[in-house]
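In what follows, every chain begins at residue 1, and chains take the letters A, B, ... in the order their sequences are listed. Predicted model only: the values in this text are computed from it and were never measured.
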Amino acid sequence: MKVNGNKITSLEGAVKTHVKDGCHLSIGGFTINRNPMAAVYEIIRQKTKNLHLYAHSNGQGADELIGAGAVSCLEIAYGGTGKFAATCIRFRKAVEEEKIQVEDYTNYQMTLRFLAGSMGVPFLPSRTSLGTDIIEKWGFAPEFRNQQPNIPNKKLVVLENPFDDWCDTKKIVLVPAINPDVTIIHVQKADYRGNCRIDGLTFADVEQAKAARTLIITCEELLDDDYLKNQPDRNQIPFIHADAVVHIPYGAYPTACYKYYDYDPVFLKQYAELAKNEEKYQSYLESIYNRKSHRELLDFVGRGRLEMIKADKNRGYAAKLDRR
Amino acid sequence: MKVNGNKITSLEGAVKTHVKDGCHLSIGGFTINRNPMAAVYEIIRQKTKNLHLYAHSNGQGADELIGAGAVSCLEIAYGGTGKFAATCIRFRKAVEEEKIQVEDYTNYQMTLRFLAGSMGVPFLPSRTSLGTDIIEKWGFAPEFRNQQPNIPNKKLVVLENPFDDWCDTKKIVLVPAINPDVTIIHVQKADYRGNCRIDGLTFADVEQAKAARTLIITCEELLDDDYLKNQPDRNQIPFIHADAVVHIPYGAYPTACYKYYDYDPVFLKQYAELAKNEEKYQSYLESIYNRKSHRELLDFVGRGRLEMIKADKNRGYAAKLDRR
Amino acid sequence: MDYTLKEMMAIVAAREIRNDDIVFCGTGISMLAAMAAKNINAPESVIFFETGAIDSKLEDLPLAVGDPRIMYQSSSNGGLLESFATMQNPFTGSHIVGILGAAQIDIYGNLNSTVIGDYHAPDVRFSGSGGACDVASFVSRSIIFMKQEKRKFKNKLDYLTSPGYLDGPEARKKAGLPEGGPVSVVTDMGMMAFDSESKKMFLKGYYPGITPEEILQNMEFEIDVTRAEEITPPSANELSLLREKCDPHRLIL
Amino acid sequence: MDYTLKEMMAIVAAREIRNDDIVFCGTGISMLAAMAAKNINAPESVIFFETGAIDSKLEDLPLAVGDPRIMYQSSSNGGLLESFATMQNPFTGSHIVGILGAAQIDIYGNLNSTVIGDYHAPDVRFSGSGGACDVASFVSRSIIFMKQEKRKFKNKLDYLTSPGYLDGPEARKKAGLPEGGPVSVVTDMGMMAFDSESKKMFLKGYYPGITPEEILQNMEFEIDVTRAEEITPPSANELSLLREKCDPHRLIL
């Protein structure tokens, strides 16, 4: 993080500077909402490899990174995009073909792990998953863990409650903190120093942002400092955590951005289709490589479809959108 | 807590029903801000005794409860009201005269303890206070702890990091959860079911509210459900945690309520003066007993002074208030 | 009355929800069941999502728990931390009923939504726990949707993602889990419950036209069917509310 | 130039603050020092409060860290959880400088703000830690305000509320604390720093008109005074900015 000053930069520059091969990355959003897709496509375009990706339920973004072969290790709670793909298709293929190493946690555990990282503690406790294979089965072998200084030596630890049975609790699961090298989030509003305002649910974005060594913010609107400071209660991430701010409208497309646009069901359905077919997926990847910027994707999609997903002012999503 | 339905009630009724002798109580606010003072005076009026009070830096409210002899046990981080009393005077007297038992924690520890209670875990970790007397010296004797089923058996526990030195951490302090019988907070806006919107800093109110078995909310404005649901991002406490909602304008007076009124420096200075004098304090207490409601205090204070502390619309406090 | 199996399942699950329940729901039919309960038999119940929205207005059916439709006119928009804390919280958690689905289930209501085959070299990979294991760990009772198939009702799960009663009475307690556990399994042929003593699944009801034997044929393990009764199909009122109020655009039904 | 001791102390502390510091401050003179730094020598520094406000506009001087004046035009209004997490966070914490005060201090910069006398039957009770112990535990460096009195500079504290260097080099590490610790003690007679090897306090400077001997006479323990130099008094510019920008109504000065 960088304390103060102007952090505005280009997406290409931010990704080139911070998202290196082998870097430990986390991305914000949830399933089909507020994934930092422009940044995801830029990472794919720069052919970054061997990412260690931390995901809770970051559906579309995680699947596209995996599909592009950018990811070698994945710590994850859920790989799905709701109705569009109950299990993300490239994720599924990559695991079944043993192309990536996976460590499974629950959504709460992944969230607590980011929270622990943001709080500067090595672990946080919860009662989830006791008695299950989440505790029994480790995706990363102990030797692998020991070789890597930047992952903890254990998947998790079960501890006897040191306060006897305080809170009717005999045992508790400790999950280790995550401090990603880089977190990328897409928010509705930011200013030049990196103050962020997220509209609607924050998912685990705030914890992911504060846990990271380096935070890249992409935003729909880049506003004056004064604008955001007029309603500080609504700003979830203060600038002291931020390193790079990129203004990139439709930066979450094809996933949704509350109050701005809905997810694009046409894109997501087409993606799910072509993800099943190796050849089609390769030419889909080519289309990403061939684009110079997110703008070109939006031009390709066309004004008509962007108009269809435009959020109603009141509801924050496109009420009339045909989602069948 | 009560899931759904209309929870509006009178302050007298809410205190009578929920704040029993010997009950474990926590109150919201911080030093001279948003203490639930109307409720504090009602508790004093009802001559509730032997309260086990959990405070972080709840200055004025905690001091008045202690001054009235309502408190027998106190777990606290800080007893002060800033410029008005660097150490709260009745708190100081009560401890020096050994009239209350005190257990000292830090502000972060008290906050984590409420958070643990709200999360349903027996403890939370932090690196604070290692090597200090906060860890070495226990206010509550082990026998006392063992006699009381509703306090934990230990003040805190120092644990070796079970993830080796993950996060450069060798040892960590675990602080036990608090689940108060009752939490009382004063908020700017609430609805009949108990949805709450706090303007400005939340202090530890949200954690205190969610940790409690029973939550009493006093509010400046009682609004329609629809009003609060139109901006859900700004509502910190959803109704499912609430038991009682009391509409009581100036319910934090003489402490401040951001966007509504400032603290009253005249009251706070007079209070600090009379708190030093046993006789004067007794007649101050009599004045509380003699009032039937918070309204009568406001009438006594008078429109002129309330006008002086009225918050500027823009700033949220009274910029022209003479605070010398 | 004409109705589909999906409608039957949604209604059967909805009937299990009571006023004063806080309903955790996922996507698809589980969301539909929660909405059906709220619109039909439990108007005071509260729907909430693991993503952090409570009591959303739900004018339009969400297609994922990350759908922006759940953010509109909720009581509070938080995040994952708040929602799971609400489940684990002793006071709110005891009011929560979870609705879950899975790829495999065993006789104690344990669920697999992670892999088929070896965990390290799976034949089939599924989405993984998401919040399912958290819900199954924390909440006071849960309702499970399953397809009635032999490969799904298994003697032994390939991976235990979400805890039911683990290996029997007292097992949750011994493992350190809060009380709670599954109460109903709603399939496309009937509904199972769990014996209060043995914690084993038993057949509680079967749909009109289905026999207990057919259900047994579609399970790897044997369950008690002596307590089973035919389940009343959806009423006209239930169906019309389900169709018109919950999913008018037939996104799930 | 005419100036008061309080003004001298505020300016001396302010000079220790650099651009790119995030300054945690409490009430009274510590708030004033932070505001002075921002208005005079470290305009890019960021003030933040344990109550959760960061980078508040501070048009008017707050009289407590719970004062509503800190909520106006901040970058973010959170709560206690957020603020202390920011201090403990490895990336932000390393930029934070804390400003603290206390009733007693020892040669290693450990602080007492809890009691005089026996903890269980105190002669004098003070406010307690508040966030002081948290700040002293977490942040990379801290500045301490003290009155130069024998009863305050103690061989042994009656209660160790906030950790300095505990009992010497490596002690923080051994106890499990993050790196960091006090760097300056600003009194009404001069300023102490801490030896990088021994971690013991030494006299770094004395105010005009004060001798190192006078300072030693007002301490229970002995410190090295050989490195001490006279401290430059506040300049006209420093004083006018302090008086006009930071505390025009003389609430603290």
Non-hydrogen atoms of chain A under 4.5 Å away: do they reach the side chain of [X], the backbone, both or neither?
{"X": "C:V115", "answer": "neither"}
{"X": "C:P163", "answer": "both"}
{"X": "C:E50", "answer": "side chain"}
{"X": "C:K174", "answer": "backbone"}
{"X": "C:I70", "answer": "side chain"}
{"X": "C:S83", "answer": "neither"}
{"X": "C:L166", "answer": "side chain"}
{"X": "C:D118", "answer": "neither"}
{"X": "C:A132", "answer": "neither"}

Shortest non-hydrogen separation from [X] to [Y] and the atoms involved:
{"X": "C:A53", "Y": "A:L201", "answer": "N-CD2, 3.5 Å"}
{"X": "C:L80", "Y": "A:F30", "answer": "CD2-CE1, 3.7 Å"}
{"X": "A:E96", "Y": "C:R125", "answer": "OE2-N, 2.8 Å"}
{"X": "A:N33", "Y": "C:M71", "answer": "ND2-CE, 3.2 Å"}
{"X": "A:T132", "Y": "C:L160", "answer": "CB-O, 3.3 Å"}
{"X": "A:Y78", "Y": "C:G128", "answer": "CD1-O, 3.8 Å"}

Is the shortest heavy-atom distance from the side chain of [X] to the side chain of [Y] under 4.5 Å?
{"X": "C:V124", "Y": "A:R92", "answer": "yes"}
{"X": "C:F84", "Y": "A:L112", "answer": "no"}
{"X": "C:S137", "Y": "A:R127", "answer": "no"}

To the nearest 0.5 Å, tell me how far [X] [atom1] sits from [Y] [atom2].
{"X": "C:Q88", "Y": "A:T169", "atom1": "CD", "atom2": "OG1", "result": "8.0 Å"}
{"X": "A:T128", "Y": "C:F138", "atom1": "OG1", "atom2": "CZ", "result": "4.5 Å"}
{"X": "A:D133", "Y": "C:N112", "atom1": "CG", "atom2": "CG", "result": "8.5 Å"}

Inset, instruction - Test side chain to side chain donor-acceptor pair (under 3.5 Å) on A:Y317 and C:D67 and set out the steps. - result: CA-CA 9 Å; A:Y317 57 87; C:D67 195 305; over 6 Å; no
Inset, instruction - Decide whether A:D104 and C:Y159 meet the rule of one side-chain donor and one side-chain acceptor closer than 3.5 Å. - result: no
Legend entry - Between A:C167, A:G139, A:G29, the one whose heavy-atom pairs under 4.5 Å with chain C are most numerous: A:G139
Is a side-chain N or O of [X] found less than 3.5 angstrom from the main chain of [Y], in a donor-acceptor match?
{"X": "C:D134", "Y": "A:Y108", "answer": "yes"}
{"X": "A:T87", "Y": "C:S127", "answer": "yes"}
{"X": "C:H120", "Y": "A:W138", "answer": "yes"}
{"X": "A:K83", "Y": "C:P62", "answer": "no"}

Inset, instruction - In plain terms, say whether A:R323 and C:D60 are close enough for a salt bridge, that is, a side-chain N and a carboxylate O under 4.0 Å apart. - result: no
Legend entry - chain C contact via A:S126 - which portion, at a heavy-atom distance below 4.5 Å: both
Inset, instruction - Count the heavy-atom pairs under 4.5 Å between each of C:G26, C:G79, C:G66 and chain A, then report the option with the highest count. - result: C:G66
